[in-house]
Amino acid sequence: LAKTTQPISMDSYEGQEVNITCSHNNIATNDYITWYQQFPSQGPRFIIQGYKTKVTNEVASLFIPADRKSSTLSLPRVSLSDTAVYYCLVGGMDTGRRALTFGSGTRLQVQP
Amino acid sequence: DVKVTQSSRYLVKRTGEKVFLECVQDMDHENMFWYRQDPGLGLRLIYFSYDVKMKEKGDIPEGYSVSREKKERFSLILESASTNQTSMYLCASTVNSNQPQHFGDGTRLSIL
């Protein structure tokens with residue numbers, strides 16, 4: 001099965017920019033890259049999705065290099081409320097079950 | 001805004017009982033999913049459904065079954081609950097294969 005690899009945890013301070021990188025070496029041509037955020041006792045929440053280059057919305061940016069074998073979620077000026085687990089997901093249902101496999105995610109801890 | 005509602009936040013059942021977990025979405029989404037989430041293992045897909053009365057096995061279907069009689073409702077059934085099925089169960093839905101999933105807040109199930 002195709003696999004995504006993320007750091008297990010990261011620490012940051014309020015006001016800093018945080019970049020979380022996800023490796024997905026065998027991404028398929030039709031695959032999208034989607035990032036989710038999860039707080040304790042809640043379901044994951046969609047943050048951002050992209051296919052190539054750069055995508056930006058009101059909460060984050062997603063950078064995807066030309067070979068698409070990795071992606072970087074960028075959170076500008078984090079606050080304490082950004083402390084959460086962040087998941088990278090690659091694919092779509094038409095590419096089979098592998099596309100619905102969440103990794104263990106990256107636990108981001110933001111300090112005051 | 002999409003709403004995915006899971007019938008219970010917390011549930012306690014006994015070994016051997018038949019357990020029903022219910023999930024309802026209000027956006028007429030075609031695709032619905034059941035995951036379980038355990039510490040250190042991320043989210044693992046149990047079953048998904050891409051249409052009424054259609055279902056596909058995920059990565060860990062053993063000990064579970066599902067029912068989708070109406071488009072908005074997707075039920076997860078534990079035929080004979082066992083202690084190793086104690087977990088957080090998450091339901092999600094999406095309009096099509098490349099769109100982000102919308103999650104409920106989960107059901108924390110304890111099997112005693």
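So that the names make sense, note that chain A is the first sequence line, chain B the second, and so on, each numbered from 1.
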Practice task
Quick one: which of A:Gly43, A:Ser41, A:Pro44 has the most heavy-atom pairs under 4.5 Å with chain B, could you say?
Solution key: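 Between A:Gly43, A:Ser41, A:Pro44, the count favours A:Pro44.
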
Chain B contact via [X] - which portion, at a heavy-atom distance below 4.5 Å:
X: A:Gln42; answer: both
X: A:Phe39; answer: neither
X: A:Tyr87; answer: side chain

Exercise for the section: Just jot down the ring-ring contact (aromatic ring centres under 6.0 Å, His included) partners of B:Phe20, sequence neighbours excluded, or say none. Expected result: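 Listed in chain order: nothing, the list is empty.
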
Problem - chain A interface, residue from B:Met88, B:Gln6, B:Arg108, B:Gln37 that has the most non-hydrogen pairs under 4.5 Å - result: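 Maximum pair count with chain A is reached by B:Gln37.
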
Handout entry: chain A contact via B:Leu41 - which portion, at a heavy-atom distance below 4.5 Å
Key =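 Only the backbone of B:Leu41 comes within 4.5 Å of chain A.
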
Problem - Heavy atoms from other residues, nucleotides or ligands near OH of A:Tyr13 exceed 12 (cutoff 6.0 Å) - result: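 At most 12 heavy atoms, drawn from other residues, nucleotides or ligands, come within 6.0 Å of this atom.
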
Practice task
For atom CZ of B:Arg14, decide whether the heavy atoms of other residues, nucleotides or ligands shown that lie under 6.0 angstrom number more than 12.
Solution key: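 No, the 6.0 Å shell around CZ holds no more than 12 heavy atoms from other groups.
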
Practice task
To the nearest 0.5 angstrom, please state how far the CG atom of B:Asp105 sits from the CZ atom of A:Arg45.
Solution key: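 The distance works out to 11.0 Å.
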
Review item, side-chain donor-acceptor pairs of residues 75-83 of chain A, under 3.5 Å, at least two apart:
from    : atom 1 : to       : atom 2 : distance (Å)
A:Ser79 : OG     : A:Ser81  : OG     : 2.8
A:Asp82 : OD2    : A:Ser79  : N      : 2.8
A:Thr83 : OG1    : A:Leu80  : O      : 3.1
A:Thr83 : OG1    : A:Val110 : N      : 3.0

Exercise for the section: Indicate if B:Val24 and B:Val4 have the same hydrophobic cluster label, given that clusters are the connected sets of ILVMFWY residues with side-chain heavy-atom separations under 4.5 angstrom. Expected result: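 No: no chain of side-chain contacts under 4.5 Å links B:Val24 to B:Val4.
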
Problem - Connected via hydrophobic side-chain network under 4.5 Å: B:Leu21 and B:Phe48 - result: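 The answer is no; the residues belong to distinct hydrophobic clusters.
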
